[in-house]
Amino acid sequence: MPIRLFNTYSRALEEFRPLDPAGRVVKMYTCGPTVYSHAHIGNFRAYLFEDLLQRHLESRGFQVRRVMNITDVDDKTIRGSREASVPLAEFTSGFKKAFFDDLDTLRIKRADSFPEATDPREIAKMIEMIGTLIERGLAYQAEDKSVYFRINKFPDYGKLAHFNVEELRSTGRVKSDEYDKEHIGDFALWKAWDEADGAVKWESPWGDGRPGWHIECSAMATQLLGDELDIHCGGVDNIFPHHEAEIAQTEGCTGKKFVRYWMHCAHLMVEGQKMAKSLGNFYTLRDVIAKGYSGREVRYALMRVHYRAPLNFTWEGMEEARQALGRIDDWLERLRAHASETKTTEAPSSKLQAPEKLQAPNEESRGFHEELDDDLNISGALGVLFETIRETNRRMDAAEMGAEEAKAWLEWWKSVDGVLRISGEQAELPAEILQLAEARVQARLAKDWRKSDELRDELAARGWEARDTKDGQKITRRGGT
Ligand code: AMP
Ligand code: ZN
């Protein structure tokens, strides 16, 4: 069964095929955090949806190359650093670190790279792109010295968000206080320095200033992944103006189709409203952990609803997540006990003997991974999981399952948990060990063997052993199994 994904651009389910002629490599860009405070769990809903997507594609044999940017200069970060009376880089560095810690807590796989907007290499790329847009008549410097994109010169502007540029004036979706612009919808590529920016500025052919948020993503995406991407993700609030602007800027420079599949997740809600910093109705991950929940419980609670359906955050929902994971833990414990039994009591003729068969109690039903092939149908996939648990528990109750079958189910679970990452074992690792372990995975991905060995030694010094198996890195207590 092919993988089908809902493309915001076409508003339709499309069969997924990457640009790579071999059909293997997937280039994926995901808008990352603005590091002016701790990310809230609404943000993490978006990052968890992207994690599920990446892990599912990998389970289907794709090699995902993912970039997630860090927005470390914009209005909010500048305001924050001014209010805290510390330089911008110092102000953002604590939130960057906290963001990576939170990713680990939620077991979100690290992207291959996390470019930062203030990196001189990225700023240079932004300036180069803005220069190209001006040369082509797609951008202009206004009297206020800022440079704007001329949306009237880009006929496709509005195609992603599905609205007509002429409607902009009446919808109030863009600010109308910038009188220097030719069109109310023209957006800033380069913001001229003003006093409120303090020491935050870069030189450019248009004078000192700083990049606009949208060009940051266009530059970082193309710098690291090339002119054409397979998948670009974010929350629905990113569709307009952010992603619409990314298309205009990038295609305006390259003349090529920027993104093949645009994917957006619906919001995490609180009592009917979007969870947002500006509304003050948010929880950070730390808030939820402080209430006694674990990272994997939050992971499960935020992942269990289809990414395109709004998800209401409630404490009852957290309790349900806890119970669901408890059921999985109990089931695994039983299976393990069965798998280590020596006597075989299974009924060889049973139609449930092989895990694949169990996924298909009737002809039409699909397996766990097939459900996810269908636009990440997580409800369907979890339905298969819990139906499997119910049915195999029944077989264990009836003493119909022997060691071989239990082992087969544990193997099946491995492939399921490779995508969900909700098994209990990792939760037992202390946070600092988890962090070292994750850093070692990253070092190995980067083929930095020296660092990998150093981290192995560091783990060993703390009483943990890192082993590299065909299923990836395994961390165990030294002397344990
Ligand atoms: P920001 O730091 O505001 O740029 O947001 C980072 C990511 O989180 C973006 O992809 C947003 O679309 C997403 N996001 C923000 N608020 C929510 C929410 N309440 N639910 C889901 N995603 C969100
Ligand atoms: Zn972005």
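Heavy atoms only: backbone and side chains are in, while hydrogens, waters and symmetry mates are out. We count ligands from 1, going down the list as the structure has it; atoms in each ligand are counted the same way. Note that the structure is predicted; figures quoted are calculated from it, not measured.
With hydrogens left out, the protein atom closest to atom 9 (C) of ligand 1 is Asn238 OD1, 3.3 Å, a heavy atom. What sits closest to atom 5 (O) of ligand 1 on the protein, heavy atoms only, is Asn43 ND2, 3.3 Å. The protein atom (non-hydrogen) at minimum distance from atom 18 (C) of ligand 1 is His267 CD2, 3.5 Å. Nearest to atom 7 (C) of ligand 1 among the protein's heavy atoms is Tyr47 OH, 3.6 Å. Among protein heavy atoms, atom 2 (O) of ligand 1 sits closest to Thr34 N, 3.4 Å. For atom 19 (N) of ligand 1, the nearest non-hydrogen atom of the protein is Met275 O, 2.8 Å. Considering only non-hydrogen protein atoms, atom 21 (C) of ligand 1 sits nearest to Gly42 O, 3.0 Å. Counting protein heavy atoms only, atom 12 (O) of ligand 1 is closest to Asp237 OD1, 2.4 Å.
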| query | Does the pair Phe16 and Phe62 meet the rule for a ring pair (Phe, Tyr, Trp, His ring centres under 6.0 Å), with working shown? | reply | CA-CA 11 Å; Phe16 176 68; Phe62 292 103; 5.5 Å; yes
| Derivation of the side-chain contact (heavy atoms from CB on, under 4.5 Å) call for Tyr29 and Arg66 | CA-CA 6 Å; Tyr29 184 86; Arg66 187 152 74 92; over 6 Å; no
| message | Under the criterion salt bridge (Lys or Arg N to Asp or Glu O under 4.0 Å), I'd like the reasoning laid out for Arg308 against Asp375: C-alpha separation, chi angles, the key distance, then a yes or no. | response | CA-CA 9 Å; Arg308 283 193 287 120; Asp375 194 32; 2.7 Å; yes
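By the 3.5 Å distance cut-off applied to N or O atoms, Ala46 is not counted among the residues near ligand 1. For the pair Cys31 and ligand 1, the shortest N or O to N or O distance does not fall below 3.5 Å.
Aromatic ring centres of Phe240 and Phe163 lie closer together than 6.0 Å. You'll find the ring centres of His264 and His243 inside the 6.0 Å limit.
Those atoms of ligand 1 with a heavy atom of Lys274 less than 4.0 angstrom away are 16 (N), 19 (N). Distances below 4.0 Å separate heavy atoms of Ala266 from the following atoms of ligand 1: 21 (C). Ligand 1 places these atoms under 4.0 Å from at least one heavy atom of Gly234: 10 (O). Interface of Leu268 with ligand 1, defined as ligand atoms under 4.0 Å from a residue heavy atom, comprises 18 (C), 19 (N), 20 (N), 21 (C).
At a cut-off of 3.5 Å, with distance as the only test, no side-chain donor of Thr105 or Asp102 sits close to an acceptor on the other residue. Donor-acceptor pairing under 3.5 Å is lacking for the side chains of Glu320 and Tyr300. No side-chain N or O of Glu50 forms a donor-acceptor pair with one of Gln54 less than 3.5 Å apart. Side chains of Gln223 and Glu122: a donor-acceptor N/O pair is present below 3.5 angstrom, by distance only.
With waters neither drawn nor counted, the protein N/O/S atoms under 2.8 Å from the Zn ion (ligand 2) amount to 3.
Between Trp413 and Trp331, the ring planes lie perpendicular to each other; the angle is over 60°, past the 30° to 60° tilted range. His369 and His56 have parallel rings, their planes meeting at less than 30° on a 0 to 90° scale where 60° marks the start of perpendicular. Using cut-offs of 30° and 60° for the angle between ring planes, the Tyr283 and Phe313 rings count as tilted.
Contacts of Cys233 with ligand 1, taken as heavy-atom pairs under 4.0 Å, are absent altogether.
Ligand 1 lies less than 4.0 angstrom from a heavy atom belonging to His40. A heavy-atom separation below 4.0 Å is not found between Phe44 and ligand 1.
Applying the ring-ring contact (aromatic ring centres under 6.0 Å, His included) test between His38 and each of Phe100, Phe282, Phe95 identifies Phe95 as the sole match.
The local environment of CD in Glu203 is sparse, with at most 12 non-hydrogen atoms from other residues, nucleotides or ligands closer than 6.0 Å.
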